Every structure is written in structure tokens, then in C-alpha cells.
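Encoded as C-alpha cells, the structure appears first; notes follow it.
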Protein chains: 2
Amino acid sequence: MKLPFVQPKMMGEMIRRQIRAVLYHDSVSTTAELAQKTGISFPTISKTLDEMNDQGEVVLTGLGASSGGRRPKQYRLNADHMAGLAVALEKDYSSYALLNYVGEVIGREKLPGVLHDGPERLTEQIGTFVQRYPHLRALTLGVPGAVNNGRVFHIPDYEKFKNLDFKGLYEERFSLQVQVENDMNATVLGYHDRSGDDPNRSLVYLYLGQNGPGAGIMVNGDVVRGSSFFSGEVSFLPLYDSHNFSQAVQEPPSAQDGTERREKLIDAMSRLVAVFTATLNPHTVLFCSTDMTERDLADVRKGSACYVPADNLPSLLVRDWEEDYFHGLNQLTIRTMLSLGID
Amino acid sequence: MKLPFVQPKMMGEMIRRQIRAVLYHDSVSTTAELAQKTGISFPTISKTLDEMNDQGEVVLTGLGASSGGRRPKQYRLNADHMAGLAVALEKDYSSYALLNYVGEVIGREKLPGVLHDGPERLTEQIGTFVQRYPHLRALTLGVPGAVNNGRVFHIPDYEKFKNLDFKGLYEERFSLQVQVENDMNATVLGYHDRSGDDPNRSLVYLYLGQNGPGAGIMVNGDVVRGSSFFSGEVSFLPLYDSHNFSQAVQEPPSAQDGTERREKLIDAMSRLVAVFTATLNPHTVLFCSTDMTERDLADVRKGSACYVPADNLPSLLVRDWEEDYFHGLNQLTIRTMLSLGID
DNA sequence: GAAAGTAATTAAAGAACTTTAATAAGTTGG
DNA sequence: CCAACTTATTAAAGTTCTTTAATTACTTTC
């Protein structure tokens, strides 16, 4: 029996986390503001802030504007306290984003893809970053495959990465906090964070990628991974008498009228939206701008209303997939840094 | 910005909750056991337990067996501290279960259904319980309809209950803590609790009821309600070129061979399992014993393997729906009682 | 430009939990 | 049945937070 309650023993760390969270969110804050937002008394905030200042985690940036009395000290997170690296591993490129402790991208690099070459190339690339940035502490890898606790265990077409324990490997080698996430999961998470909406929404992010369609799903604010990390493999959905989603979306072998092809795609998408509505009933379904236009979406909206009552349909949005993906990876990296705290 | 952290101010109540939770789970416990299981120091447990004893929430039941030293005092929850009422509202009956503070069913009654008559009859029935059991503090209603925060807002065929705010009505009238839950949601929750498995599993509970098929869904241990409380309305799933799930399962108008009919049902079910596998990838899908036999299930298992890779399929189980439903309602009631604590 | 007002910080007192020590209550074996 | 050993309970001391009060540092106004 596990009890997920907070023990008073970890109060200290909890307090620091709350301070970090507010400081990250508001960029700069005063003792009074922190006390108000966290609900912690100001003497405790003041004391903790002093300690964090001594340890270099926060810095005093000056005094705020007065509202008729003594001017308050303003603190912010120390951007140089540590750095994090967010890496998207794609077929054609590896995208590296270097982040400071306040979440700013302080460096971005696109290097050649490593998925075909093998893990050695990746280790090499990461090695140069570790060397260049001595206060690197967190590493996030986004991969187009199924991941369980830092280990890639299903990654079609890239056999060399199969069953590779990234987390074990790089935590040992580089003494970094490492996490690995599936690309679509990172993408929904990225949208979820950027949207700023109620964090308990349910979302589905759809992508008709090169490796076949896939979806990232969040329910009640958590990423859905599934019992065998198979969630979101929508290509298998049996939506027609004798075709699944993937087959319906695919270019048919025989040359075909463009209009007819588009109609088929729209219907498949409409059915997909209907499937999610009749199961999860999510707030929003996201599509990639490479897959769908606003006009397509209007038709999908109309189409799915034929399958389920229109009142229950999610809002449909077109998004830039890469932006949300990178943002998701960055976000994961920042969260790790903020949870690490002191060195 | 809301921070869901625990404030030290509510430590006292948190401690009591943990004690209650362990005491509920283990029935009877000693100071040392409670300290060990909760991680709270034994002087604090001891002090809190004394207070709870004075307030009548726990009782001393005697001394435990010695393991070579002084015999420990044993405490348990006071069964008579308060009572709760769990009600299932079905078309043909209303099932009432009266629960004591340790979660035992101390009374069960099946009264005539009230859904056709209207809320007055229900109020009457509940009224008699309130009168008979003065320490009734919690009421849970299970209804075959969509519910939002104690208010029924979509209940096909039972117009008289539409838009009825049960929670507001009965909390005011009877000064009880009231909650209302959709029947299938209560059912998955019931199975989830009874199974005793990892609480973070994902589950789908399927029921081909009188009011059309529906499903209760849990993901990562939470019930999925959906943006418009439409989740689990699987009858609308577009699984065939020109039929949805409901139409495929329904008795066709033209007389038909029994074998053929069964085959159709099995295929529809297989597709349904495939749909959930390719979206949520749940650990388990539950079926009602009134809908499916073990033999049917074996065929569904085989059938769904045609649509998705067999490794990712959930385990399929046949369950007694009513048992899980009632258990879920009881569980909800008990949780409310335990969260209420003192009077 | 000092007096009065306002707000931030520091200091002191109080509350609640933990850790450690002391005491009380049982068991067991000769 | 009593000495030696175990274990539960009670008591005391130590932490860490909150609450309240005192002090300090500004603004504003006459």
C-alpha cells in the first residue's frame, strides 16, 4: 500500500520547489509576492531565498518600484545556475537546444541525423556539448519510437537503437539527469504547456508522419503511455469494412483523382475524430500544418458531425508540429532542471 | 497560477487522513504499525490517535499479541462513527446499500425504480433512510446518465430527472455530503478498487445495456469524463463503411441465422477492442457476463489480433456488472466518509 | 526638508512535528 | 519466581514552520 502524501520531512524541498515554480513563471518576484502566491509565510520564504542566494540558485536583481513604502528586493532564478540540453532525433537531422536555468534557449544547432548511423554518433555529438558547457545537468531525448523509463524498446527502421538504455548509458557517462520521450508524447506535452489552458484538459495530437500516422494523447493532464507503450498507434484503427486508418490515408496504388483522394482523407480523419470523441471526448484535437489545412479542418468538422452529435466534438486546430515538439522537449528539460534544484 | 502543493497548515488533517486510510485498509492497527506505514513519527501518531479516540472516530479494541515485549494497544475505526448510503438508480429498481464507517454493508434494500416516476419518489425513499439513521453523513447516487458536479444534465428517457441538481438539493435538504456518478464510471471504479492491482492501470469497462452500449474508462488511475461528459459513448464508433458500433451489435430487422449474428457481434467487439488498443492501449477490458461468455471472449481475442499486433492487446475479462457497480458506489461513499473525518 | 504614512525586513514568540532518551509493561528461561 | 531481555508508551529536547511584534527604509505632503 503506497500513500502518496507529503511527509513533513520533505517540507524544505517542497518549499524550494514552489519558490522555483513561481520564479520560473513570473521571471522576477519579491518575498511578499512569493509568500502570497505559494501560501507560505514570508519569514520562511525570506530565509529560504537567502539560502538559495548563497548557493547561487537565485540572484538579487535590484529593488522594485515602491508603492508608498520601502522598496522590495527582487529576486530571479540565476540563469547560469545550470544548463540543459533538449535533443530531437529525427531521420534527417538532430536538433539540439541548449537551455539555461530560466528556460531560455541560449543555443540551437541542427546536426546531421544519427538514427541510421547508430548510437556512437549521438554519443559523440552529445559529448561535445557536455565538454563545451560544464554546468550541463539535464538531457532530454525525443525519439520516434516506444520508450519505457529511459530505454528505447521499439523503434522501427532504426535497429541500432533498439533496446538501448539511453538513461543508464548517459547518466553514467556524463553524470546528467537523462530522460527519453516519444516524439508524439513530447509534442502533446508541448502544446499543452504552450496553450496555457486548464491543465486538466484532454488532448489528442495527430501526425501523419513518414513512419506512419501516430498520435500523442493526454487525458486529465497526463500523457497516456499505455500498458505496452502502444498508445496512439492509430494507424491500426479498423474504421472501414476492410481498411484500417493507415490504409485509408495511404496513397492507393492505382492512380486516382485528386478530389476523390482528398475526400477519402477527409472521411478517414472525420472518423478518427469521431473515434476519439466517442471514447475520450477530448477538448481539442490537433493536426499538423504539413498534413491538413484550415479548409480541410472545416470539412473534417462537418464530416465528424455525421458520426457523433456535434455538441460533443472537440475543437480542431492546425499546429506547427515541429514548434510544439521542440517546445515539449524544452519543457521536459526545464522541469528536470527545476526539480534538480541545488547541485 | 495554482500550486497543488501541501501547505504545512493542513498537516494535521493530512495526518488524520493517512491514519484513516491505513486503518480502513488494515481494519486494525497499532501505533507502531501506523507509524511505519505512514512514515509519520510514533509520538505524533499516538497523540493524534488519542484525539481521534476522544472524538469517537477510533476505538481501542484491546491488546495485540506480544512478540516478546509489552503488548501493543490495537485501534480500529469506530464502525458507528457515521454511516453512508449508496444508491443505484436503475429503470426497474433502486438499490440501497447502507454502509458503516469501516465500509461494511449493514443494510441492503431493493425498492421500486423511481426513474419513470420522478425525483419526488426518490426524495421520499431517501428521506426514510435519513430518518432511520441519524448519523448518515454521505450519499452517493449512481445514475444512467451524464453528470457534472452533482447535476444530471443528460439522461435519455427519464426527462423528469434532466437538469436536476441532486447535490444542491439533497445537501441542503438532508445535510449530507452528496455525490452523483454515472453508472459506468462507478462500475470501472468498482472493478479498479476490487482488482487491487496497480492503481495506475488503464481500464475499459464495456456494457451493452438496455439504453444502448456504453463504456466506463479509467486512464492512469483516473476516471475519464470528457469535455462534455460524453466519454465512453462507444455506440457512435464508426467501425464499418456504413455502420457504427451500435448498429453492428443491434438485432437486425430481418430474421437472421444465429451463427451469423454471433459472428457479427464478435467482430464488432473485436474491432472495439482494437480501437481501444490503438488509442489508449489499456491493461484490461472488462465485459459483462450478461453480454459475453468466456467462449465469446476467446473469439474476440482472436478477432482483435487481426487488427492490432497481439502483443499489445489488453487482457479481456468477464465480470458481473452489478457487483462491480455496487462496489463502486460503495467505494465512493466510503471515500467520502473517510474524507469527512470528524463531525 | 522634516513629520507622517506606508511597506519591507528582521526579530521574537508560539505551534507542531521529529528525534532521542527514559520509563513502564510483558516474556522467557533457569 | 526473578533476572535478563523485548517492546510499547511517555517525556524531554530539538527543528522548522507560522504568527505577531518591532524595526528599518522609503514616499509623500505641507
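Throughout, a chain's letter reflects where its sequence line sits, starting with A, and its residues are numbered from 1. Since the model is a prediction, treat every value here as computed from it, not as a measurement.
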Using atom NZ of B/K73 as one end and atom C1' of D/dT7 as the other, report the distance to the nearest whole Å. 14 Å
Please verify the inter-ring angle class for B/F153 with B/F229; under 30° counts as parallel, over 60° as perpendicular, anything in between as tilted. perpendicular
Separation of D/dT9 atom P from B/N53 atom CG, nearest Å, is 13 Å
Pick the nucleotide of DNA chain C nearest each of B/I45 and A/D50; which residue has the one closer to the 5' end? A/D50
Whole-Å distance, A/L49 CG to C/dT9 C1', equals 13 Å
Paired with B/L34, the side-chain contact (heavy atoms from CB on, under 4.5 Å) test is passed by just one of B/T48, B/I45, B/T44, B/D26, namely B/I45
Starting from P on C/dC17, measure out to CE on B/M14 and report it in whole angstrom. 13 Å
Those residues at least two apart in sequence (or on a different chain) that pass side chain to side chain contact (heavy atoms under 4.5 Å, CB included) with B/E51 are B/R16, B/K47
Round to a whole Å and report the spacing from NZ of A/K47 to C1' of D/dT16. 7 Å
Angle between ring planes, A/Y191 versus A/Y205, binned at 30° and 60°: parallel, tilted or perpendicular? perpendicular
With a 4.0 Å heavy-atom cut-off, tell me which residues in residues 28-35 of chain A come close to DNA chain D, sorted by residue number. none
Nearest-Å distance, CD (A/Q36) to C1' (C/dA8)? 16 Å
Test side chain to side chain donor-acceptor pair (under 3.5 Å) applied to A/H135 and A/D80, step by step: CA-CA 8 Å; A/H135 53 317; A/D80 301 326; 5.0 Å; no
Are OP1 or OP2 of C/dC17 and a side-chain N or O of B/S41 less than 4.0 angstrom apart? no
What residues form a salt bridge (charged side-chain N to carboxylate O under 4.0 Å, His left out) with A/E104, not counting sequence neighbours? none
Just jot down the salt bridge (charged side-chain N to carboxylate O under 4.0 Å, His left out) partners of B/R201, sequence neighbours excluded, or say none. B/D197
As a test of reading the structure: which of C/dC17, C/dT18, D/dA8 is closest to the side chain of B/P72, going by heavy atoms? D/dA8
Can you tell me if B/S46 touches the phosphate of D/dT9, counting only side-chain N or O atoms and a distance under 4.0 Å to OP1 or OP2? no
Could you list the residues that satisfy salt bridge (charged side-chain N to carboxylate O under 4.0 Å, His left out) with B/R194, not counting sequence neighbours? B/E323, B/D324
Grab the N/O contacts between the protein and nucleotides 20-28 of chain D below 3.5 Å, and write none if there aren't any.
from: D/dT24; atom 1: O2; to: A/R70; atom 2: NH1; distance (Å): 3.3

Between C1' on D/dC17 and CD1 on A/I19, what's the gap in Å once rounded to a whole number? 13 Å
Given atom CD of A/E13 and atom C1' of D/dC17, what is their separation to the nearest angstrom? 16 Å
A/Y170 ring centre to A/R173 NZ or CZ under 6.0 Å, with the angle to the axis within 45°? no
